[in-house]
2 protein chains.
Amino acid sequence: MSRATPARPGRPTINDVARAAGVSRATVSRVINDVAGASPSIRTRVRSVAAELGYQPSAAARALATGRTRTIEVIATSFGPFGGWLGAHPYYSRVLAGAMSALEGTDTQLRVHAISAERALEAVDALAEDVTAGALLANVTPELSMRFYQRCRRVISLVPTASAVPTLEVDNIAGALMAVTHLHRLGRRRIAAIHGPENNTCAEQRRDGYRSAIEGFGLLELSADGGFTREGGHDAARQLLDRHPEIDALFVACDLMAAGAVQAITASGRRVPEDVAVIGFDDSIAASCANPLLSTIRLPIEEMAAEATRMLLNGGPAFGYRKRYPVELILRESTPPAVV
Amino acid sequence: MSRATPARPGRPTINDVARAAGVSRATVSRVINDVAGASPSIRTRVRSVAAELGYQPSAAARALATGRTRTIEVIATSFGPFGGWLGAHPYYSRVLAGAMSALEGTDTQLRVHAISAERALEAVDALAEDVTAGALLANVTPELSMRFYQRCRRVISLVPTASAVPTLEVDNIAGALMAVTHLHRLGRRRIAAIHGPENNTCAEQRRDGYRSAIEGFGLLELSADGGFTREGGHDAARQLLDRHPEIDALFVACDLMAAGAVQAITASGRRVPEDVAVIGFDDSIAASCANPLLSTIRLPIEEMAAEATRMLLNGGPAFGYRKRYPVELILRESTPPAVV
DNA sequence: GCTAGAGGCGAGAGCGGTTTCAGGTGAAGA
DNA sequence: TCTTCACCTGAAACCGCTCTCGCCTCTAGC
């Protein structure tokens, strides 16, 4: 044995197929890849031999020869230990689910990466160098995604980011406006808000939307920070209610926080939606696990991730491509039925 | 241009580094991989040249040469469209989060695969052939995982499965027993259950645990199927309550269903936990989004996935390896405080 | 019957690494 | 001073596949 380890022990290679079929490697390759230049009779022969041998082309060799790996990368910045990001927030699962659905039937694979805040720069550089089919940025800051884009063009951000980076985003501002407007139409006048973390563009836009709506109605702004976690939402709601017992509505920047907020509200002896109406954001699983069911702003995350994936598969979007998805107000039980 | 496309356009290869450092490719390889056989002075020179050029070894070439790709596969059978699996059930996110955490600092990547029920056989065969570092089976049936194992040994199941397949599993039966026993100790005597889907080993074990507990206490079995979805849990609870209004406790085989069940219970005018006590299973995000907070059986999914990943990285477990993780009863608000 | 052209086919050169093997060097030991 | 040996180092084979290029055959056209 001259070599250390045979690559994939026992597995037939293209050479085995070629030999068994009595043709050259080139011909087998042509047949396998459905490329012109092989007669029908040879095609069927090669195909049957390949099937018989259980031949499966090596992804590594193929990647090396062609220069492209068929892999889509999903990249998310992570906070804290496990449970910290993917495990905790439904958003990421939805991104993965959407991307996976677009990959079905393709020979492209999906890889998941977490980049920790501490060594984000190196991580971004390393990842960007290694992208082949394309990368989806799930929650990457504008600075980092710009850096990524400079090193690798085949990338799409799923959150608002630097203008050069192709983005599929949601109309966060309109969503927040929609929510606050609905609460106002219901007759609520003390509409507080629980926001997401700083330096998160989605959170910022939702905050801006809330503020401009509040301002437009001439109401008083009442904000707290919930950090996009359930606990944060719970604590923020309790604080708000303690300080401003007159609050009669709550706009919460994500359903996870909203679920916590609802718990805090009912724990304080108030009823949802009679005393405090609540509208969340995302329409994630958290909205349907909460009790009462959360009224929320629906985001088509899966569709966005799927479309982004398809774009990457087709060569990627152009410089500065930007598509904004509309959001939808979903009314469930955490808001009272609208008066006619 | 004799070749079609250079592999990774513009990126320095090992040849560039070798030339710039005035050494051979072999030496560069030794330095990069920290293999003995290069003098310290050359090591530092090569390293600095590599850094300067921004050299990053090609994963594809490396995989081809060594025969192993550094990739862990997470495999789940999917049901329905997106949202169908990964997007809907918190379990999968936890598996991913656990696996990711074990991969941190490693050069190993994580890939996610969904195999649809229709073409499961082919999918399993294809995947098994392509496994390199190892595969984690998140929710694969015993038959399929056995088939997988026959084709590729580097695999660990995270759910109970065929005895030959290495498994890291949870003590589902003990968990169900624990839950029902607690409800019984609280004085509840009409303890119904909502189970998971057929041909799901976890669901079966939890059902068995419930039944043997009920039998042990000499109580009446009251079961319904909730299919591991929130809607299913909701509907099952409503049906159970309609048919058996005397029910005073509910054991639900996963938190997602339990969240739905709680909604159905309160919608029927009953109170949780005063009228109906509820214990879920998993301690997933659904448990903490529900209102009231769910008492549940905690499963260390993240830890299991992390440990499984580590085992795979270290060469994989032995034939028939089996580790059973203990579960823990977490008491929150959906059960009344225990009487002393 | 002869030539041109088209299409099928194989040889062979990469893709970017890893690893063996042989040679070369210098220090230690005889 | 001459071996011996350990330690570096580079040449070259190889991993499995793709793709160009040139040869060969066969058909169509004159």
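Each chain gets a letter, A, B and so on, in the order the sequences are listed, and its residues count up from 1.
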Less than 6.0 angstrom from the centroid, inside 45 degrees of the normal: does A:Arg147 satisfy that with respect to the ring of A:Tyr149? no
Think A:Ser29 has a side-chain N or O under 4.0 angstrom from the OP1 or OP2 of D:dT18? yes
Touch class at under 4.0 angstrom, heavy-atom based, for A:Val23 against every strand present: sugar-phosphate
Over-ring placement of A:Lys323 relative to A:Tyr321, 6.0 Å and 45° cut-offs: no
Which is true for B:Ala26 with a 4.0 Å heavy-atom rule: it touches a base, it touches only sugar-phosphate, or it touches nothing? base
Could you walk me through whether B:Ser145 and B:Ser157 pass side chain to side chain donor-acceptor pair (under 3.5 Å), step by step? CA-CA 7 Å; B:Ser145 60; B:Ser157 174; 5.3 Å; no
Is a donor-acceptor contact shorter than 3.5 angstrom present between the side chain of A:Arg30 and the base of C:dG10? yes
Using OP1 and OP2 only, check whether a side-chain N or O of A:Thr27 sits under 4.0 Å from C:dC9. no
Atom CG of A:Leu64 to atom P of D:dC15: distance rounded to whole Å? 13 Å
Distance, nearest 0.5 Å, that separates CG of A:Leu312 from CD1 of A:Ile72: 4.5 Å
Rounded to whole Å, CZ of A:Arg19 lies from P of C:dG10 at a distance of 14 Å
Please report the interatomic distance OG1(A:Thr309) to CE(A:Met311), rounded to the nearest 0.5 Å. 11.0 Å
Need one value for B:Ile32: base, sugar-phosphate or nothing, where a base atom within 4.0 Å counts as base even if backbone is also close, heavy atoms only. nothing
Would you say A:Ser39 places a side-chain N or O within less than 4.0 Å of OP1 or OP2 belonging to C:dG7? no
Measure from the side chain of B:Ser24, starting at C-beta and using heavy atoms only, and say which of C:dC9, D:dG10, C:dT18 lies closest. D:dG10
Rounding to an integer number of Å, can you tell me how far B:Asn15 CG sits from D:dG10 P? 13 Å
Of the nucleotides D:dC17, C:dG17, C:dC9, which one has an atom closest to the side chain of A:Ala38? C:dC9
Under 4.0 angstrom between B:Thr66 side-chain N/O and D:dC15 OP1 or OP2: no
Give a yes or no on whether a donor-acceptor pair under 3.5 Å exists between the nucleobase atoms of D:dT18, that is its base, and the side chain of A:Arg25. yes
For C:dT18, take OP1 and OP2 only and decide whether either is under 4.0 Å from a side-chain N or O of B:Asn33. yes
Atom CD1 of B:Ile42 and atom C1' of C:dG24 are separated, to the nearest Å, by 13 Å
